[in-house]
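Naming: A, B, ... by sequence-line order, numbering from 1 per chain.
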Amino acid sequence: MSVLVNKDSKIIVQGFTGKEGGFHAEQMIEYGTNIVGGVTPKKGGQTHLGKPVFNTVSEAVEKVGADTTIIFVPPAFAGDAVMEAAAAGIKVIICITEGIPVQDMVKVKAYISDKDCILIGPNCPGVITPEEAKVGIMPGFVFKKGRIGVVSKSGTLTYEAADQIVKAGLGISTAIGIGGDPIIGTPTKEAVELLMNDPETDAIVMIGEIGGNYEALAAEYISSTGNKKPVVGFIAGQTAPKGRTMGHAGAIVGGHDDTAEAKMAILAKNGIHVVKSPAEIGKTLVEVMNK
Amino acid sequence: MNLHEYQGKNLLKSYGVAIQEGIVAHNVDEAVEAFKTLQKDYNSEFCVIKAQIHAGGRGKGGGVKLAKNEAEVKEHAGNIIGMMLKTPQTPGGLDGEGKLVRKVLVAEDVYAPDFDACKEYYISVLMDRGRKCNVIIYSTEGGMDIEEVAEKTPELVHKEYIDPTLGLQGFQLRKIAFNLGLSGQAFKEMTKFISNLYKAFLGSDASMFEINPCLKTGDDRIVAVDCKVDLDDNALYRHKDLAELRDTDEEDPTEVEAKSYGLSYVNLDGNVGCMVNGAGLAMATMDIIKLSGGEPANFLDVGGTADAARVEQAFRIILRDPNVKAILINIFGGIVRCDRVANGVVDAYKNMGDAITVPIIVRLQGTNADIAKTIIDESGLEVHSAIQLQEAADLVAKVVA
C-alpha cells in the first residue's frame, strides 16, 4: 500500500525544463520513479530526459494519464501551477517551491477545496515511498524501506530522522514533507491520518516546529484514535526567540501556544512520545516499538 | 518587512483610508517647519511629536509627546531625535539599551477641539492560519494592548473572517460598525474606513495591519492615529515601490549583511554559534546546543550550497559576535555532498588564518560523510569532527564545560 505515491503513480514534473525541475527530475528518474513526462508552457512537443513535454497539465493527463505532479515553478507562478494541476484532475499535487506569497496561497487553498486532490507543500522536500517512488528533492539513499511513517515540516530534519530510523534497524513506509509555510495543503493532522490508516505503517515519527497549531490538532486526532499506533514527536525551535521568523515563513512564535514547550506539552498529554533532543528520535522509536 | 508609522500611513492614504496627517522631520528645524505647515494646512493648533522606530509602545518610553507651541516642538523634537528610546518591544525591553531615534513624525492633533467626544477603537487585519483566510479583528477597547484586552475581556474582541474568493461583503462592514456601537455619520465613515483598509491590505500583500488607536473624532470622522504595517517579504517582488521603503537602519546590521549573501541569519544572545543547512535542522541544532549546556548564539541556514565562499562568509558573521566560544557546523548532505562541504570548511579555515580563535565542531552526515570526516581529520586543523548528531552534542558539551 503505502500512501500518496507508489510505483504505479504516473508522475509529471511542472517546470520540467527549468534548472531545478530538470535536475531533480533526473534524480527522480535515476531513483526509479515513474516520471511519465513534464509540463513547460510553450515547450510542448519537445522531449526532455527522454520524456514528453506538454504545454498544459490537461494535455499530460489526457496523453499519458498523469495522476501525480511535482511542481518546481518559480514562486510568482507556483500558485497558478497548483490550480492548473487541480483543474486538470491531478490527484496528488506536490509543490516544492519556496517563497510563494501568502495571499496567493489563500486563493489556492480556496480554489482547490472542492477539487478531488491532495496538495502537499508548498516549501517542502516532497514525498518518498522507498524503493517505489521518490517525488521530491530528498537524498533517496537515506530512506530505506520499512514500516515507519514520517511527517515533517522540515527538509533536512526529515533526512536526519530517516537516517536515525534506518540506523536503528528500522525503515520508512512513506515520508511526507508537509512544508514550512503559514498555509500548506496538507497540515500535520491530515498527513498523520493517512499514515494512521495505512496497513503498511506500524509507527509514526512526527516532526513539527514553532508557529501555528498544526501539531496540536494532530495530537488531538492521534489521541482520538486511541493511540492506535505509537507516535514519536519532536518540535524544533525550543530556543527560538518570540516574534522572529526562523527561516521557514511559518516558523514564528506569536502567542503562548506557538512555543515548542507548549506544543510538546500538548503532544505528551495526548500520548505521543516526545523527544526533547533531535538526536534521540531513532533511539526512542526503538524503545517504543519494543514495549 | 516592517514599515515605519509614516510609511504605513502613506500607504493607507493612497487607498483612501483617512489618517492623522503628519510630516517627517530629521531635526528640530524641520520639526518646527512641519508644525507651521500643519497649523496652516490642517488647522491643527497643537501637534504630536512621534519617534519613528520599528517598535510599539513608543509612548511608554517617552517617544510620543504633545507640543502646544513652537517652543514645545523644539523641546520635544530636540529630546526625541537622537535619543535611545526604550519601549517594551525594543531589545532588552524597558531595561535594555533601546533604539536610536533618527526621525520623528510631526502629526496633527486629531483629538482637538473636543477631546471628550473622541473615542478610540482597535482594528487589525491579518491572515488566520487555522482558517486559511484573512480576518479583521476589532474592539471598542482602542489604545490598549490588545493581547491584554483579549485575555481579560475576550468578549470585547470581535473577529470577521473574509471569504477568499468573494472578498469583504457589505453586511460584514455594517456588522463591524454596529459592534463598535457607531451610528449616523461615524457609522458611514467606519464602513468606508474598513472597506478601504482591506483594499490596502490586499493591494500591498500585507501580513498584518494594526490600527491602534483608530479614532472617532469630535466631528464624527474615523482616522488612523497610529498604524503598524508588516508586509509579506515573499510578495515584495510585485511591489517594487514598497520594497524600497525598507529601512535597514532598523535592522540588525549583521542580519542585513547575512541576507545580502543569501544566508538566513538571526542574532541571539548565546555562546555557541551554529551553521546549518535547512531551517528545521537549524532550529533543532540550536535546541541540541541548549541541551548540551550551551546557549545558541544564532540561527543560521546556509541553504543548499555550502561551498568555501559561503562557509567563509558564515564564519565571519558568526565570529563577529564576541560571546561566541565555539561553533557547531551541522550539515546533512543530500544533494549537497559532504566532502565538498568539508573541503569548503578546510579552505575557509585556511583563508581566515588566525581569525578563527574558537573551537570548531563539524558534523557532516549524509552523502559521502565518511570521506568528509577523513578530510577534516587529516587537515591538521583544530576541527573536531562527528558523524552522529549525538556525537556532535557531546562535543559541544565538552567544549562549553
_Checking B:Glu255 against B:Lys259 for the salt bridge (Lys or Arg N to Asp or Glu O under 4.0 Å) test, could you report, in this order, the C-alpha distance in whole Å, the side-chain angles of both residues, the deciding distance, and whether it holds?_
CA-CA 6 Å; B:Glu255 291 179 15; B:Lys259 204 182 157 124; over 6 Å; no
_Whether the side chain of A:Thr33 engages the backbone of A:Ile29 through a donor-acceptor N/O pair (distance < 3.5 Å, no angle test) should be reported._
no
_B:Ile289 portion near chain A, given a 4.5 angstrom heavy-atom threshold_ = neither
*Would you mind checking which part of A:Thr245 comes under 4.5 Å of any heavy atom in chain B, side chain (CB onward), backbone (N, CA, C, O), both or neither?*
backbone
_Presence of salt bridge, B:Arg363 and A:Glu160, under 4.0 angstrom_ = yes
*Hey, does the Lys NZ or Arg CZ of B:Lys240 hover above the aromatic six-ring of B:Tyr237, less than 6.0 Å from the centre and inside 45° of the axis?*
no
*Examine distances only and state if a side-chain atom of B:Gln169 and a backbone atom of B:Leu166 form a donor-acceptor pair shorter than 3.5 Å.*
yes
*May I ask you to say whether A:Lys153 pairs ionically with A:Glu215, meaning some side-chain N is under 4.0 Å from a carboxylate O?*
yes
*asked:* Using heavy-atom distances under 4.5 Å, tell me whether B:Met127 contacts chain A through its side chain, its backbone, both, or neither.
replied: side chain
*Measure B:Arg337 against the heavy atoms of chain A and call it side chain, backbone, both or neither at under 4.5 Å.*
neither
*asked:* Less than 4.5 Å to any heavy atom of chain B: does that hold for the side chain of A:Ile137, its backbone, both, or neither?
replied: backbone
*At a heavy-atom separation under 4.5 Å, does B:Gln365 approach chain A through its side chain, its backbone, both, or neither?*
side chain
*Looking at B:Thr165, B:Asp269, B:Val266, which one has more heavy-atom pairs under 4.5 Å with chain A than the rest?*
B:Val266
*Between B:Gly333, B:Pro164, B:Ala284, B:Ser292, the one whose heavy-atom pairs under 4.5 Å with chain A are most numerous*: B:Ala284
*Under 4.5 Å from any heavy atom of chain B - which part of A:Ile100*: backbone
*Is it the backbone or the side chain of B:Gln388 that comes under 4.5 Å from a heavy atom of chain A, or both, or neither?*
side chain
_Side chain, backbone, both or neither of B:Glu147 within contact of chain A (heavy atoms, under 4.5 Å)_ = side chain
*Would A:Glu209 and A:Lys263 count as a salt bridge (Lys or Arg N to Asp or Glu O under 4.0 Å) if you check the C-alpha gap in whole Å, the side-chain angles of each, and the deciding distance to 0.1 Å?*
CA-CA 9 Å; A:Glu209 291 174 359; A:Lys263 290 192 185 196; over 6 Å; no
*Could you have a look at A:Lys167, A:Met138, A:Lys283 and say which one has the most heavy-atom pairs with chain B under 4.5 angstrom?*
A:Lys167
_Which atoms of A:Gln164 are under 4.5 Å from chain B, going by heavy atoms: the side chain, the backbone, both sets, or neither?_
side chain
*With respect to chain B, which residue among A:Asn213, A:Asp163, A:Val142 yields the maximal number of heavy-atom pairs within a distance under 4.5 Å?*
A:Asp163
_Heavy-atom proximity to chain A below 4.5 Å, by part of B:Ala206_ = backbone
*Within 45° of the axis and under 6.0 Å from the centre of the six-membered ring of B:Tyr15, does NZ or CZ of B:Lys199 qualify?*
no
*Checking A:Ala76 against chain B: side chain, backbone, both or neither under 4.5 Å from a heavy atom?*
both
*Please state whether the rings of A:Phe143 and A:Tyr159 are parallel, tilted or perpendicular, taking 30° and 60° as the class boundaries.*
perpendicular
_B:Asp232 versus B:Ser207, side-chain donor and acceptor atoms under 3.5 Å_ = no
*With respect to chain B, which residue among A:Gly99, A:Pro139, A:Ser154, A:Pro101 yields the maximal number of heavy-atom pairs within a distance under 4.5 Å?*
A:Pro101
*Under 3.5 Å, is there a donor-acceptor pair between the A:Ser113 and A:Tyr111 side chains?*
no
*Check whether B:Asp287 gets within reach of chain A through its side chain, its backbone, both or neither, counting any heavy atom under 4.5 Å.*
both
